[in-house]
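Data block below; observations after.
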Protein chains: 2
Amino acid sequence: MTEKDQTSGTPACAAEDTHSHAALLEEIRHELPDDNTLYDLADLFKIFGDTTRVKILYALFESELCVCALAELLDVSQSAVSHQLRVLKDAELVTRRRDGKTIYYSLADEHVRAIIEMGFEHITEE
Amino acid sequence: MTEKDQTSGTPACAAEDTHSHAALLEEIRHELPDDNTLYDLADLFKIFGDTTRVKILYALFESELCVCALAELLDVSQSAVSHQLRVLKDAELVTRRRDGKTIYYSLADEHVRAIIEMGFEHITEE
DNA sequence: TTATCATATGAACAAATGATCATATGAAAG
DNA sequence: CTTTCATATGATCATTTGTTCATATGATAA
């Protein structure tokens with residue numbers, strides 16, 4: 001209590017003489033992106049963390065596709081695809097264009113491809 | 001019913017003459033990784049989709065750290081960190097070494113860094 | 001206008017997730 | 001052996017998430 005107050009109610013470890021992190025932590029805290037950025041980052045990856053959405057993105061690597069084509073390809077309902085496309089669009093990972101009644105979706109940029117490829121390498125290489 | 005049976009109970013669209021996907025879909029289906037791979041890929045990204053875990057990984061970019069240091073740095077309970085470290089370890093994204101009572105965690109490989117950097121670029125560039 | 005096709009969306013519900021609390025394990029010090 | 005420190009883990013619970021169902025919107029054709 002005489003020292004700096006604990007950030008939360010969790011002491012975790014003494015860290016007096018044994019192995020003081022204080023200095024190291026201060027340094028690392030300096031290097032960390034701010035909380036909002038970290039939050040956005042997690043939100044971005046969260047989007048890739050669903051099979052349906054990953055499949056959609058992977059499919060769009062090849063060609064732009066309409067909603068019903070995606071539904072048929074992934075074997076899920078039109079509604080499910082539509083909901084997920086909304087998530088992808090809100091995150092600006094895909095764009096769409098209208099042609100009559102049909103709406104074609106495509107990848108928003110090449111970052112998407114790069115991120116997925118990177119993940120793909122990780123799970124295949126080993 | 002005379003044609004191929006619908007994969008699910010979802011017609012989605014006619015796709016007779018208007019804009020038949022059949023050919024295109026067959027081609028794309030060919031390019032898609034198999035379902036298990038896609039599933040694993042989503043699972044991998046799911047792990048990056050949590051602020052606590054992203055923070056842990058980011059912190060480990062700088063240096064190996066013990067559990068209590070991470071808890072202090074992220075301002076969460078020791079238990080919460082420990083649970084998340086287990087997830088990261090199960091996914092082989094981090095490794096650990098023991099030194100007496102303390103356990104130090106560090107990044108398993110550079111893929112982790114590459115994936116996160118890629119995501120970081122996406123959210124900052126625009 | 002009315003019917004139909006392609007897509008979007010809101011409500012509802014089951015499943016997955018992440019934090020907390022209490023407790024267990026494991027190592028070193030006394 | 002007992003205590004203490006560092007970490008791990010199981011149970012519980014509130015949130016979040018993704019699908020389904022029903023329905024709405026929006027565009028074209030009749």
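Model, not experiment: these values are computed from the prediction. In what follows, every chain begins at residue 1, and chains take the letters A, B, ... in the order their sequences are listed.
Close to D:dT9, at under 4.0 Å from its OP1 or OP2, lies a side-chain N or O of B:Arg86. For the pair A:Ser77 and D:dT20, the criterion of a side-chain N or O lying under 4.0 Å from OP1 or OP2 is met. The side chain of A:Gln78 places no N or O atom within less than 4.0 Å of a non-bridging phosphate oxygen (OP1 or OP2) of C:dC5. One finds a side-chain N or O of A:Arg96 lying less than 4.0 angstrom from the OP1 or OP2 phosphate oxygen of C:dA8. Between B:Gln84 and the phosphate of C:dT17, there is no side-chain N or O to OP1/OP2 separation shorter than 4.0 Å. Under 4.0 angstrom from either OP1 or OP2 of C:dA8 there lies no side-chain N or O belonging to A:Ser79.
Between the OH atom of A:Tyr104 and the P atom of C:dA8 there is a distance of 13 Å, given to the nearest Å. Between B:Lys89 atom NZ and D:dT7 atom P there is a gap of 15 Å when expressed in whole angstrom units. Rounded to whole Å, the distance from OH on B:Tyr39 to C1' on D:dG18 is 12 Å. B:Asp50 places its CG atom 17 Å from the P atom of D:dT15, with the value rounded to the nearest Å. If you measure from atom CG of B:Leu74 to atom P of C:dA19, you get 10 Å, rounded to the nearest angstrom. Atoms NE2 (B:His83) and P (D:dT12) sit 14 Å apart, rounded to a whole Å. For the pair B:Leu85 CG and D:dT9 P, the computed distance is 11 Å after rounding to whole Å. Atom CG in B:Leu88 sits about 16 Å away from atom P in D:dT7, given to the nearest Å.
B:Asp99 places no side-chain N or O within donor-acceptor distance of the main-chain N or O of B:Thr102, the cut-off being under 3.5 Å. Under the 3.5 Å distance criterion, the side-chain polar atoms of A:Arg53 are matched with a main-chain donor or acceptor of A:Lys46. Looking only at distances, a side-chain donor or acceptor of A:Thr124 sits under 3.5 Å from a matching main-chain atom of A:Phe120.
With C:dT9, D:dT9, D:dA6 as the candidates, the nucleotide lying closest to the side chain of B:Thr102 is D:dA6. Listed nucleotides D:dA11, D:dG18, C:dA8 differ in distance to A:Ile103; the shortest reach to its side chain belongs to C:dA8. If you check D:dG10, C:dT7, D:dT19 against the side chain of A:Thr52, the one that comes closest is D:dT19. With C:dT17, D:dA8, C:dT20 as the candidates, the nucleotide lying closest to the side chain of B:Lys46 is C:dT17.
Ring-plane geometry between A:Phe45 and B:Phe48 is classed as tilted, the angle between the planes lying from 30 to 60 degrees on a 0 to 90 degree scale.
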Candidate pair B:Tyr104 and B:Arg97, rule side chain to side chain donor-acceptor pair (under 3.5 Å), full reasoning: CA-CA 5 Å; B:Tyr104 291 95; B:Arg97 74 175 176 87; 5.4 Å; no

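With DNA chain D read from its 5' end, the first of the two nearest nucleotides for A:Arg53 and A:Gly100 is the one closest to A:Arg53. Annotation: of the two residues near DNA chain D, B:Lys101 and B:Tyr105, the 5′-most nearest-nucleotide partner is B:Lys101.
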